[in-house]
Amino acid sequence: GSPAAVSVFTNGTLLSAEKLEALGSNGVWTILSLDGNKETNDLNRGYHDDSGSVYDDVMANIEGLPRSKMGINMVFNSKTVGSLVRNIDLFYRKGFRSIAFYPELYETWSQKDLAALDKALLEFEAYYFSKFESSQEPFTVSPVPSILERTAPSAKAWWHECGNLILGGDGNYHICDKAMSFPLE
């Protein structure tokens with residue numbers, strides 16, 4: 001049938017212009033796992049030995065590189081949800097037009113945290129639609145409706161909503177990254 005869409009997820013600390021060119025010339029999208037600005041990102045994505053800023057290193061690695069074959073994958077939690085839209089806007093202003101964001105699924109969210117998430121999603125809705133109203137170039141957003149419904153959907157519903165098939169390091173295919181961890185036959 002149609003060709004598969006192939007993406008490589010990376011923290012970007014070893015990314016170079018040569019690697020990005022090699023991936024892009026073979027039709028591979030490079031997705032950077034960055035959670036926002038330096039403070040937000042390095043809160044959860046630091047080096048194991050605290051030797052520096054992952055955010056600073058990645059930004060230096062991609063300085064001057066085209067964003068046409070790159071995207072952002074953000075994970076937010078109850079500590080960072082209040083800066084979600086600000087962090088999305090940061091990446092938008094840096095030229096990224098594919099920005100995905102997901103709540104941390106392994107965290108227990110209190111009612112207060114869920115209220116903050118609801119507020120952030122309303123802010124995002126207004127922000128995203130402002131791109132259309134002002135004739136600014138909108139960006140693609142990965143589908144998150146099932147996650148945000150905070151229900152326990154069936155695997156079939158996840159596959160339909162998510163649309164991602166992940167080849168894991170264990171050699172099995174998984175659906176929706178962390179959202180469903182069982183392999184498909």
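For the numbers below, each heavy atom of this structure counts, side chains included, while hydrogens, waters and symmetry mates do not. This structure is a prediction, so every number in the text was calculated from the model and none was measured. FYI, the numbering just counts along the sequence from 1.
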Notebook entry, point to check: For the atom pair OG (Ser33) and CE (Met74), what is the distance rounded to the nearest 0.5 Å?
Noted result: 11.5 Å

Notebook entry, point to check: Is there side-chain contact between Leu117 and Trp109, with at least one heavy-atom pair below 4.5 Å?
Noted result: yes

Check: Does one hydrophobic cluster hold both Tyr128 and Leu121, with members joined at side-chain heavy-atom distances below 4.5 Å?
Finding: yes

Notebook entry, point to check: Does the side chain of Ser83 come within less than 4.5 Å of Phe76's, by heavy atoms?
Noted result: no

Item checked: Asn77 vs Asn44 side-chain heavy atoms within contact, under 4.5 Å -> yes

Check: Should the ring pair Phe124 and Phe101 be called parallel, tilted or perpendicular, given that the plane angle runs from 0 to 90° and is split at 30 and 60?
Finding: perpendicular

Notebook entry, point to check: Is Arg45 close to Tyr55 at the side-chain level, that is, under 4.5 Å between some pair of heavy atoms?
Noted result: no

Check: Which atoms form the tightest heavy-atom contact between Arg67 and Ile62, and what is the distance?
Finding: NH1-O, 3.2 Å

Note to self: Take a 6.0 Å sphere around CD of Glu39 and say whether it holds more than 12 heavy atoms from other residues, nucleotides or ligands.
What the structure shows: no

Notebook entry, point to check: Do Arg97 side-chain atoms and Ser68 backbone N/O form a donor-acceptor pair below 3.5 Å?
Noted result: no

Checklist line | Shortest non-hydrogen separation from Ala116 to Val81 and the atoms involved | finding: CB-CG1, 3.9 Å

Next item on the list: Would you give the length of the straight line joining atom CG of Asn61 to atom NZ of Lys19, rounded to the nearest 0.5 angstrom?
Entry: 8.5 Å

Notebook entry, point to check: Quick one: are Lys69 and Val28 in side-chain contact, heavy atoms under 4.5 Å?
Noted result: no

Check: Counting distance only, does the side-chain N/O of Glu107 pair as donor-acceptor with the main-chain N or O of Ser78 below 3.5 Å?
Finding: yes

Next item on the list: Evaluate the side-chain hydrogen bond (donor to acceptor under 3.5 Å, both in side chains) criterion for residues Tyr47 and Asp42: first the C-alpha distance (whole Å), next the side-chain angles of each, then the deciding distance (0.1 Å), finally the verdict.
Entry: CA-CA 8 Å; Tyr47 289 111; Asp42 291 351; over 6 Å; no

Without placing hydrogens or testing angles, list every side-chain donor-acceptor pair under 3.5 Å for residues 4-12, not counting sequence neighbours.
unit_1 : atom_1 : unit_2 : atom_2 : d
Thr10  : OG1    : Gly12  : N      : 2.9
Asn11  : OD1    : Thr13  : N      : 3.0
Asn11  : OD1    : Thr13  : OG1    : 2.9

Notebook entry, point to check: Quick one: does Phe96's side chain get under 4.5 Å of Leu32's, heavy atoms only?
Noted result: yes

Notebook entry, point to check: Are side-chain heavy atoms of Leu90 and Arg86 found at a separation under 4.5 Å?
Noted result: no

Notebook entry, point to check: Just checking, any donor-acceptor pair under 3.5 angstrom between side chains of Tyr102 and Asn73?
Noted result: no

Next item on the list: Answer yes if the side chains of Tyr127 and Asp89 hold a donor-acceptor pair under 3.5 Å, and no otherwise.
Entry: yes

Check: Does Met59 reach the side chain of Leu34, with side-chain heavy atoms less than 4.5 Å apart?
Finding: yes

Notebook entry, point to check: When rounded to the nearest 0.5 angstrom, what distance separates NZ in Lys94 from CD1 in Ile99?
Noted result: 12.0 Å

Notebook entry, point to check: What pairs with Lys38 under salt bridge (Lys or Arg N to Asp or Glu O under 4.0 Å), at least two apart in sequence or on another chain?
Noted result: Asp56

Notebook entry, point to check: Where do Ala120 and Leu84 come nearest, in terms of heavy atoms and distance?
Noted result: CB-CD2, 4.3 Å

Notebook entry, point to check: Are the side chain of Asn87 and the backbone N or O of Asn37 linked by a donor-acceptor pair below 3.5 Å?
Noted result: yes

Check: Any idea which heavy atoms bring Asn41 and Gly36 closest together, and the distance?
Finding: CB-O, 3.7 Å

Checklist line | Nearest-0.5 Å distance, CH2 of residue Trp29 to CG of residue Leu20 | finding: 10.5 Å

Check: Is a side-chain N or O of Asp113 found less than 3.5 angstrom from the main chain of Ser110, in a donor-acceptor match?
Finding: yes

Notebook entry, point to check: Rounded to the nearest 0.5 Å, how far does CG of Asn26 lie from CD of Glu21?
Noted result: 9.0 Å

